[in-house]
Visitor: 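Following this message is one structure expressed as structure tokens.
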Amino acid sequence: EAKIRNARTLLRRDCRDAQPPEQALAELKRHAERARHAAGMAELLGIEGNAAAIYFAHFATMLKQDPAGAAFDFARRSRRPPADPVNALLSFVDTLLVRTFTITLSAVGLDPYRGFYHQPRYGRPALALDLMEPFRPLIAESSVIQAINNGEVHMEDFVRAASSVALRPDGRKRFIAT
């Protein structure tokens with residue numbers, strides 16, 4: 001529920017269109033309410049997936065468009081591997097956030113690999129992934145939007161290999177410094 005509400009807040013706050021996507025905002029609000037009352041894990045996963053599809057369908061409206069056409073294009077969320085620079089940045093910040101939660105959980109004596117929403121799997125910090133979900137929109141994704149809109153990352157900061165895109169070391173350093 002918190003992740004969906006925070007995604008809705010980010011979309012409402014950072015949409016660069018003249019009118020924010022009212023229908024999408026209403027649907028996200030409805031999905032957040034449904035998440036609160038989900039009967040089980042399968043229903044919750046479906047609600048979260050539908051909300052993410054709505055949110056990422058409008059994600060590009062939060063990115064500044066360059067009149068010269070050199071804008072960061074975003075069509076859909078792709079993870080393994082990231083298909084474009086925006087997805088590469090989103091995956092990178094997710095990695096930083098899960099690392100932070102994994103270290104913090106270990107430091108306070110909790111097992112970061114024993115989760116609830118994310119099922120335990122070898123080498124996967126399920127609890128860290130669980131706890132980071134509500135923070136993804138407002139911390140991770142908003143930092144990507146800010147870095148792109150403020151011109152802190154550039155298209156030349158990325159390298160393409162086959163069908164994937166990765167952030168070059170200099171781009172990573174500049175992104176982290178922002």
Visitor: Using the rule that two of Ile, Leu, Val, Met, Phe, Trp, Tyr join whenever any of their side-chain heavy atoms come within less than 4.5 Å, decide whether I176 and V159 are in one cluster.
Guide: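 Different clusters: I176 never reaches V159 through Ile, Leu, Val, Met, Phe, Trp or Tyr contacts under 4.5 Å.
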Visitor: Can you hop from I139 to F56 via hydrophobic side chains spaced under 4.5 Å?
Guide: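 Different clusters: I139 never reaches F56 through Ile, Leu, Val, Met, Phe, Trp or Tyr contacts under 4.5 Å.
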Visitor: Indicate yes or no: at least one non-hydrogen side-chain atom of V144 is less than 4.5 angstrom from one of F92.
Guide: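 A side-chain contact under 4.5 Å is absent here.
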Visitor: If you look at every heavy atom in P82 and N87, which pair is closest and at what distance?
Guide: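 That closest heavy-atom pairing would be CB-C, 3.7 Å.
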Visitor: As an exercise, state the distance from CG of N6 to CG of L11, rounded to the nearest 0.5 Å.
Guide: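 N6 atom CG to L11 atom CG measures 12.5 Å (nearest 0.5 Å).
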Visitor: Working to the nearest 0.5 angstrom, can you tell me the gap between K64 NZ and N150 CG?
Guide: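 It comes to 6.5 Å.
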Visitor: Restricting to non-hydrogen atoms, name the atom on M62 and the atom on N149 that form the minimum distance, rounded to 0.1 Å.
Guide: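 In terms of heavy atoms, the two residues are closest at O-ND2, 2.9 Å.
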Visitor: Report yes if the side chains of L25 and R12 come closer than 4.5 Å at any heavy-atom pair, otherwise no.
Guide: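 Of all side-chain heavy-atom pairs linking R12 with L25, at least one is under 4.5 Å.
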Visitor: Test your reading of the model: is there a side-chain donor-acceptor pair from Q146 to the backbone of S142, 3.5 Å cut-off?
Guide: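 No, Q146 side chain to S142 backbone: no donor-acceptor pair under 3.5 Å.
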Visitor: Honestly curious: do F116 and L131 fall in one hydrophobic cluster under the side-chain, below-4.5 Å linking rule?
Guide: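 Yes, F116 connects to L131 through the hydrophobic network.
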Visitor: Taking the side chain as every heavy atom from C-beta outward, state whether D157 and F175 have any atom pair closer than 4.5 Å.
Guide: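 Side chain of D157 against side chain of F175, heavy atoms only: no contact under 4.5 Å found.
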Visitor: Are the side chains of M132 and L97 in touch, meaning some heavy atoms are under 4.5 Å apart?
Guide: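 Of all side-chain heavy-atom pairs linking L97 with M132, at least one is under 4.5 Å.
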Visitor: For a side chain to side chain donor-acceptor pair (under 3.5 Å) with Y55, tell me which candidate from R8, H31, E141 qualifies.
Guide: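 It is E141; the other options fail the test.
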Visitor: So, the side chain of D73 versus the backbone of A60: is there a donor-acceptor pair under 3.5 Å, distance only?
Guide: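 Not a single qualifying donor-acceptor pair exists.
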Visitor: Following the transitive rule for hydrophobic clusters with a side-chain heavy-atom cut-off under 4.5 Å over Ile, Leu, Val, Met, Phe, Trp and Tyr, establish whether I4 and L45 coincide in one cluster.
Guide: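 I4 and L45: separate clusters.
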Visitor: What residues form a side chain to side chain donor-acceptor pair (under 3.5 Å) with D130, not counting sequence neighbours?
Guide: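 Once residues adjacent in sequence are excluded, the partners of D130 under the side chain to side chain donor-acceptor pair (under 3.5 Å) criterion are H118.
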Visitor: If I take atom CG from residue D94 and atom CZ from residue R99, how far apart are they, to the nearest 0.5 angstrom?
Guide: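 If we round to the nearest 0.5 Å, D94:CG and R99:CZ are 14.5 Å apart.
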Visitor: When you compare the side chain of P85 with that of R160, does any pair of heavy atoms fall below 4.5 Å?
Guide: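 A side-chain contact exists here, since the closest heavy-atom pair is under 4.5 Å.
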Visitor: Does the separation of the ring centres of F101 and F135 fall below 6.0 angstrom?
Guide: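 Yes, ring centres under 6.0 Å apart.
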Visitor: Please name the pair of heavy atoms, one in S164 and one in P81, separated by the smallest distance, quoted to 0.1 Å.
Guide: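 For S164 versus P81, the nearest heavy atoms are CB-CB, 3.2 Å.
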Visitor: Decide, yes or no, whether a salt bridge links E48 with K3 under the criterion of side-chain N to carboxylate O below 4.0 Å.
Guide: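 Result for this pair is yes, salt bridge flagged.
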Visitor: I need the L28 CG to E33 CD distance, nearest 0.5 Å.
Guide: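 It comes to 12.5 Å.
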Visitor: Going from OH on Y117 to CD on E133, what distance comes out if it is rounded to the nearest 0.5 angstrom?
Guide: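 If we round to the nearest 0.5 Å, Y117:OH and E133:CD are 6.5 Å apart.
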Visitor: Is it the case that the side chain of R172 and the backbone of L167 share a donor-acceptor pair, with hydrogens and angles ignored and the cut-off at 3.5 Å?
Guide: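 Yes; at least one donor-acceptor contact below 3.5 Å.
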Visitor: Are L138 and I148 co-members of a hydrophobic cluster defined by side-chain heavy atoms under 4.5 Å apart?
Guide: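 Both belong to a single hydrophobic cluster.
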Visitor: Identify the two heavy atoms, one from A38 and one from I47, that lie closest to each other, and give their separation to 0.1 Å.
Guide: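 Heavy atoms only, the tightest pair is CB-CD1, 4.2 Å.
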Visitor: How far apart are the closest heavy atoms of E152 and R174, and which atoms are they?
Guide: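 Nearest heavy atoms, E152 then R174: O-CD, 3.1 Å.
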Visitor: Nearest heavy-atom pair of F72 and L63: which atoms, and what distance?
Guide: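 Looks like O-CD1, 4.0 Å.
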Visitor: Verify, without hydrogens or angle tests, whether S91 (side chain) and A88 (backbone) share a donor-acceptor contact under 3.5 angstrom.
Guide: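 Not confirmed, S91 side chain does not pair with A88 backbone.
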Visitor: I'd like to know if E1 and R5 make a salt bridge, using a cut-off of under 4.0 Å between side-chain N and carboxylate O.
Guide: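 Between R5 and E1 there is a salt bridge, with a charged N closer than 4.0 Å to a carboxylate O.
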Visitor: About how many Å separate CG of L89 and CZ of F74, when rounded to the nearest 0.5 Å?
Guide: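 It is 11.0 Å, given to the nearest 0.5 Å.
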Visitor: Do D84 side-chain atoms and V86 backbone N/O form a donor-acceptor pair below 3.5 Å?
Guide: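 Side chain of D84 to backbone of V86, a donor-acceptor pair under 3.5 Å: yes, one is there.
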